[in-house]
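Please read the structure below before turning to the comments.
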Amino acid sequence: MKFKNTHKDHEVTDESIYRQRRQLVKTGIIGMGTLAINPSLALTLGQPQKNTSFNIEDTTSEKDATTYNNFYEFGLGKDEPAENAHTLATNSWTIEVSGHAKKTGIFDLEKIVKQMSLEERIYRMRCVEAWSMVIPWLGFKLADLIKYFEPTSQAKYIYFETLYDPTQMPGQKSRSIPWPYREGLRMDEAMNELTLVTVGMYGKILPNQNGAPLRLIVPWKYGFKGIKSIKKIAFVDKQPLNSWQAIAPQEYGFFANVNPNVDHPRWSQKTERRITGSFSFFRSRIDTQLFNGYGAYVADLYHGMNLTKYY
Amino acid sequence: MKNIFVFKLSVFILCLIPLGLGLWDGMSHQLTADPIEEILHRTGIWAFRLLLVTLLMTPLKVLTGWIHWIRIRRLLGLFTFFYATLHLTTYVWLDIQLNWPQFLEDIIKRPYITVGMVAWFIMLPMAITSNRYMIKKLGKHWKPLHRLIYMVVILACFHFLWLVKSDLTEPLIYTAIGLSLLLFRLIQNHHDKKS
């Protein structure tokens, strides 16, 4: 797997850090128990920060990334998922696959993961609320998972659903949003090499509050596209209605591509507060990049499309 | 007289607690992963709370018959303005980093920021004219000016309602309390005219 190198020299992680990360992945793998993974395919992606007047782009601390979460299934406060998500039972997790595919039915997650090649990738994560993090994920390409299910030519979109179980997800007892959480991607977006299904972060298995046991990561889109604790997948021929679009269609669309030129109706998307270890009160904002800086990989997907209309 | 002083001093110290806790949490890195957002939220919510407490003094006086509630009203009003000013400063300085074009765009394009800004500008002359000298100087104009606080409550409710992402529970609770306090005055006014 080759990625186009668009990063300047100083932006690329230096080797010692890279080696540490490799070590992290290896130790992580031991910790992951039954998840058999191939570390040799791990790669790092993305350290670019063009605006050097702000702090050097560094990884968000594990503590911040695992205690500051939007996961309404466990409460609306950012600190609530970390406090409440222990009730989620992630062992012997199954996924229900349906729709236009040759292989459908109930699948054992562990068996699927064994057949996927896991890699570590460091991605920027831009929340629609105008804050962002930089997180090392462990996962596999969604494209590989899709190929596994052998979708037919009628499959134009892929649809995802989070687990619905108010006993495990106490936030679902309140009607803050319609449950279960739903998301979707156009098939070409889903097949893009950047789109990941992640099962870990920071070299460890995914914590419950971050969407265990498996979640989607689509780094050029706003964070809410990254549906957590996926329970159902369907191959469909029509564009699915994702949760935030259903809640407020004038504010959130299906595509949700990170775009500094298209503001949220109630706040600007031009800049973002980057949450990193080297946080400073006086250099807290950086410029938001089109497609979150991943344009080289994904801009072609939207060739000729009006991104203001299809936000 | 001495008791009133102790009463006022206690309220003064109580009003400083949110600031003290904020500073403590800031120094011990307890302001979540996104400290600026947390400071914005804390200063904003305390300005709103103190605004409601300020407006509670007249109903308390009427309902309890203890007239001294009124004695802490100015203090509470000034603390409301103090936290609102911290809130505004956090937004302009720490959040948008003194980006003035962005500031103007926000005021024009984003209704929740527009109403928040208007609310602060209404409170500014009220804070300036809250001393004895200005009360005398303004005479009969003082009261109408300070009645604008009712406007501030309504603006604060909209500010809160329009900024949340999905769950309206919390801003609706504040709005309900704010409206009850205004309603109390309407009823009271009606009652006074009758008698």
Side-chain angles (χ1 to χ4, degrees), chain A residues 53-54 60-70 72 75-80 82 127-133 135 171 174-178 181 222 224 243-244 246-248 251-252 260 263-277 279-287, chain B residues 22-23 25-45 86-87 89-117 158-173:
Chain A
S53 64
F54 296 104
T60 303
S61 76
E62 188 182 345
K63 181 180 170 268
D64 284 348
T66 56
T67 56
Y68 195 76
N69 309 101
N70 273 327
Y72 287 5
L76 300 173
K78 299 259 192 309
D79 54 340
E80 286 179 275
C127 179
V128 76
E129 297 165 352
W131 53 268
S132 62
M133 293 184 176
I135 298 172
S174 85
R175 292 191 175 187
S176 45
I177 64 169
Y181 192 79
Y222 291 119
F224 69 82
S243 285
W244 278 104
I247 296 161
E251 300 189 345
Y252 310 97
D263 284 344
H264 184 282
R266 289 182 287 141
W267 57 81
S268 167
Q269 297 289 26
K270 288 190 187 68
T271 58
E272 65 203 54
R273 277 195 312 274
R274 173 61 57 82
I275 296 166
T276 62
F279 168 82
S280 159
F281 275 114
F282 305 104
R283 294 172 300 154
S284 63
R285 274 194 184 264
I286 57 172
D287 288 340
Chain B
L23 290 172
D25 287 344
M27 283 188 290
S28 51
H29 303 282
Q30 301 278 309
L31 289 173
T32 80
D34 195 356
I36 292 171
E37 175 72 27
E38 180 71 8
I39 297 169
L40 271 174
H41 182 72
R42 286 196 191 189
T43 50
I45 206 82
L86 285 181
H87 183 61
T89 310
T90 307
Y91 159 66
V92 176
W93 191 18
L94 300 184
D95 189 8
I96 63 167
Q97 306 281 305
L98 305 178
N99 181 342
W100 301 111
Q102 173 78 60
F103 179 61
L104 279 177
E105 196 190 310
D106 278 352
I107 291 179
I108 295 162
K109 275 174 72 175
R110 312 192 197 291
Y112 82 96
I113 294 179
T114 315
V115 296
M117 209 55 241
F158 279 112
H159 180 63
F160 200 2
L161 286 165
W162 285 342
L163 73 85
V164 295
K165 210 165 133 203
S166 67
D167 189 69
L168 288 170
T169 314
E170 207 186 350
L172 281 176
I173 291 169

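Residue numbering restarts at 1 for every chain, and letters A, B, ... go by the order of the sequence lines. The structure displayed is predicted, hence computed values, not measured ones.
At a 4.5 Å heavy-atom cutoff, the contact between A:N70 and chain B is made by side-chain atoms alone. Contact annotation for A:S176: both backbone and side-chain heavy atoms come within less than 4.5 Å of a heavy atom of chain B. At a 4.5 Å heavy-atom cutoff, the contact between B:Q102 and chain A is made by side-chain atoms alone. When heavy atoms are compared at a cutoff of 4.5 Å, B:D95 approaches chain A by way of both its backbone and its side chain.
Separation of atoms CD1 (B:I96) and NZ (A:K270) is listed at 11.5 Å; rounding is to 0.5 Å. To the nearest 0.5 Å, the span separating CZ on A:R285 from CD1 on B:I36 amounts to 8.0 Å.
When side chains are defined from C-beta on, A:K78 does not count as touching B:T32, because their heavy atoms never get closer than 4.5 Å. Side chains of A:D263 and B:E105 form a contact here, defined as non-hydrogen atoms less than 4.5 Å apart. Between A:F224 and B:K165, the closest side-chain pair of non-hydrogen atoms is not below 4.5 Å.
For the set A:A248, A:A65, A:S268, the count of heavy-atom pairs under 4.5 angstrom toward chain B peaks at A:S268. Taking B:V164, B:L168, B:I113, B:T169 one by one and counting their heavy-atom pairs under 4.5 Å with chain A, the maximum is reached by B:V164.
Nearest heavy atom pair, residue A:R266 against residue B:L163, reads NH1-C, 3.5 Å. Residues B:R110 and A:H264 come closest through the heavy atom pair NH1-O, 3.6 Å.
The neighbour count for B:F103 CZ, taken as heavy atoms of other residues, nucleotides or ligands under 6.0 Å away, is above 12.
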